[in-house]
Amino acid sequence: MLPDIDEALRYLGGGPHPPEELRQQAASVAEELAAQVQPRYTYKLFPLVREESGFRLDGTDLLLSGQTAQRMLAQCGQAVLLACTLGTKLDDMIRSAQARDMARAVILDACGSALVEQGCDEAERDIAARFPGLYLTDRFSPGYGDMPLSLQPTICGLLDTARRVGIHVTPSFLMNPSKSVTAVIGLSD
């Protein structure tokens with residue numbers, strides 16, 4: 001999968017008409033990245049239990065509270081937890097580039113951001129195909145809106161991300177490898 005160049009350029013702040021030289025650099029980096037790194041993901045479906053303080057994933061201690069969860073899950077009877085990562089290879093590539101060419105490292109980072117989002121999109125297509133006829137909400141992640149970043153360890157634990165895709169959570173709730181995403185997607189009739 002080739003990183004979306006336009007999306008990478010957007011992350012770089014290239015504006016509506018980025019310089020052609022920047023586009024060419026991003027295309028070159030994207031091709032190199034695609035040859036060495038591909039998204040990996042895992043997901044799991046849970047029935048939702050409505051409680052006074054939010055939505056609990058049935059059989060777990062994970063409570064999704066706050067207005068973001070309330071808005072996204074209001075019509076849903078189930079939710080999918082999703083984790084997607086590009087793995088440690090990209091982190092190694094970025095560190096190596098930082099020592100030699102910081103501009104290239106920044107482009108690598110932007111291409112990685114685009115690629116991990118494409119991996120999440122691919123996972124969503126997989127989920128939609130697995131559950132035909134169900135409506136999928138937009139995905140929403142810890143750290144966005146009022147969904148606390150502190151949910152990362154619980155989500156990663158429920159998905160067994162360390163074993164399945166190599167994602168670990170730091171004590172400050174950041175994920176390692178750096179280009180990793182966790183998300184919730186509601187499913188409804």
Side-chain angles (χ1 to χ4, degrees), residues 1 7 11 37-92 94-95 109 112-189:
M1 176 184 305
E7 189 70 7
Y11 288 128
V37 175
Q38 289 300 309
R40 294 180 313 164
Y41 60 85
T42 187
Y43 60 86
K44 189 172 181 181
L45 178 71
F46 295 88
L48 281 175
V49 178
R50 286 176 174 78
E51 295 184 357
E52 188 175 314
S53 54
F55 294 88
R56 181 168 310 283
L57 274 62
D58 195 28
T60 77
D61 291 332
L62 182 59
L63 179 68
L64 302 170
S65 60
Q67 292 188 14
T68 302
Q70 187 71 301
R71 184 177 61 253
M72 298 300 283
L73 301 174
Q75 304 299 315
C76 298
Q78 303 173 88
V80 169
L81 293 184
L82 163 68
C84 182
T85 186
L86 298 184
T88 58
K89 176 70 175 169
L90 177 60
D91 288 348
D92 294 342
I94 291 172
R95 271 192 299 279
D109 186 81
S113 294
L115 187 58
V116 77
E117 286 300 319
Q118 288 170 247
C120 289
D121 293 343
E122 182 180 316
E124 280 191 51
R125 287 189 294 274
D126 185 15
I127 294 164
R130 185 170 167 204
F131 303 104
L134 292 181
Y135 170 79
L136 276 64
T137 67
D138 291 334
R139 62 182 180 260
F140 58 105
S141 297
Y144 292 98
D146 60 357
M147 189 171 175
L149 203 54
S150 60
L151 295 179
Q152 295 287 38
T154 305
I155 291 172
C156 287
L158 289 169
L159 291 173
D160 193 14
T161 60
R163 188 181 61 81
R164 298 184 64 122
V165 292
I167 298 173
H168 302 271
V169 181
T170 70
S172 57
F173 308 123
L174 299 178
M175 289 182 289
N176 190 6
S178 63
K179 294 301 176 192
S180 299
V181 173
T182 59
V184 178
I185 302 169
L187 279 78
S188 71
D189 294 331

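We number each residue from 1, following the sequence as shown.
Under 4.0 Å is where a charged nitrogen must lie from a carboxylate oxygen, and between Lys89 and Asp92 no such pair does. A salt bridge links Arg139 with Glu117: the closest approach of a Lys/Arg side-chain nitrogen to an acidic carboxylate oxygen falls below 4.0 angstrom.
A donor-acceptor pair under 3.5 Å is absent between the side-chain atoms of Gln78 and the main chain of Gly186, judged by distance alone. The closest donor-acceptor contact from the side chain of Asp91 to the backbone of Ser178 lies under 3.5 Å. The backbone N or O of Ile167 lies less than 3.5 Å from a partner atom in the side chain of Thr161, making a donor-acceptor pair. Arg40 contributes no side-chain N or O that, together with a main-chain N or O of Thr85, makes up a donor-acceptor pair within less than 3.5 Å.
Among residues two or more places apart in sequence or in another chain, the salt bridge (Lys or Arg N to Asp or Glu O under 4.0 Å) test is passed with Arg71 by none. When the side chain to side chain contact (heavy atoms under 4.5 Å, CB included) test is applied to Asp146, the partners found at least two apart in sequence or on another chain are Gln67, Thr68. For Tyr144, the side chain to side chain contact (heavy atoms under 4.5 Å, CB included) criterion is met by Ser141, not counting sequence neighbours. Qualifying salt bridge (Lys or Arg N to Asp or Glu O under 4.0 Å) partners for Asp126, counting only residues two or more places apart in sequence or in other chains: none.
From Gln75, atom CD reaches atom CG of Leu48 across 12.0 Å, with rounding to the nearest 0.5 Å. To the nearest 0.5 angstrom, Leu159 atom CG is 7.5 Å from Lys44 atom NZ. Atom CD in Gln38 sits 8.5 Å away from atom CD in Glu122 (nearest 0.5 Å). To the nearest 0.5 Å, atoms CG (Leu64) and CG (Leu81) are separated by 7.5 Å. The CD atom of Gln118 lies 10.0 Å from the SG atom of Cys84; values are rounded to the nearest 0.5 Å. To the nearest 0.5 Å, atoms OG1 (Thr154) and CZ (Phe173) are separated by 9.0 Å.
Asp138 has its side chain out of reach of Phe140: every pair of non-hydrogen atoms, C-beta onward, lies at least 4.5 Å apart. Side-chain contact check for Val116 versus Ser180: every heavy-atom pair is 4.5 Å or farther apart. Inter-residue side-chain proximity for Leu86 and Pro177 is flagged as unmet; no heavy-atom pair is nearer than 4.5 Å. For the pair Thr182 and Met175, the minimum side-chain heavy-atom distance is below 4.5 Å.
Residues Thr60 and Leu57 come closest through the heavy atom pair OG1-O, 2.6 Å. Minimum heavy-atom separation, Tyr41 to Gly119: CD2-O, 4.0 Å. Closest of all the heavy-atom pairs between Cys76 and Arg50 is O-NH2, 3.1 Å. Shown here for Ser65 and Ala69, the closest heavy-atom pair between the two residues is O-CB, 3.8 Å. Contact record, Val169 with Cys156: CG2-SG, 3.6 Å, taken as the closest heavy-atom pair. Residues Pro142 and Ile155 approach most closely at CG-CD1, 3.6 Å, considering heavy atoms.
Contacts classified as salt bridge (charged side-chain N to carboxylate O under 4.0 Å, His left out) and involving residues 177-186 (residues at least two apart or in different chains) are given here: Asp109-Lys179. Residue pairs meeting the salt bridge (charged side-chain N to carboxylate O under 4.0 Å, His left out) criterion with at least one partner in residues 52-62, sequence neighbours excluded, are Glu51-Arg56.
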Run the side chain to side chain contact (heavy atoms under 4.5 Å, CB included) test on Gln70 and Phe55 for me, step by step, so that the C-alpha distance in whole Å, both residues' side-chain angles and the decisive distance to 0.1 Å come before the verdict. CA-CA 8 Å; Gln70 187 71 301; Phe55 294 88; 3.1 Å; yes
Under the side chain to side chain contact (heavy atoms under 4.5 Å, CB included) criterion, do Leu149 and Leu174 qualify, and how do the steps go? CA-CA 8 Å; Leu149 203 54; Leu174 299 178; 4.2 Å; yes
I would like to know whether Leu82 and Ile185 meet side chain to side chain contact (heavy atoms under 4.5 Å, CB included); could you show each step before the answer? CA-CA 8 Å; Leu82 163 68; Ile185 302 169; 4.2 Å; yes
Decide side chain to side chain contact (heavy atoms under 4.5 Å, CB included) for Ile127 and Tyr43; before the verdict, give the C-alpha distance in whole Å, the side-chain angles of both, and the deciding distance to 0.1 Å. CA-CA 8 Å; Ile127 294 164; Tyr43 60 86; 3.7 Å; yes
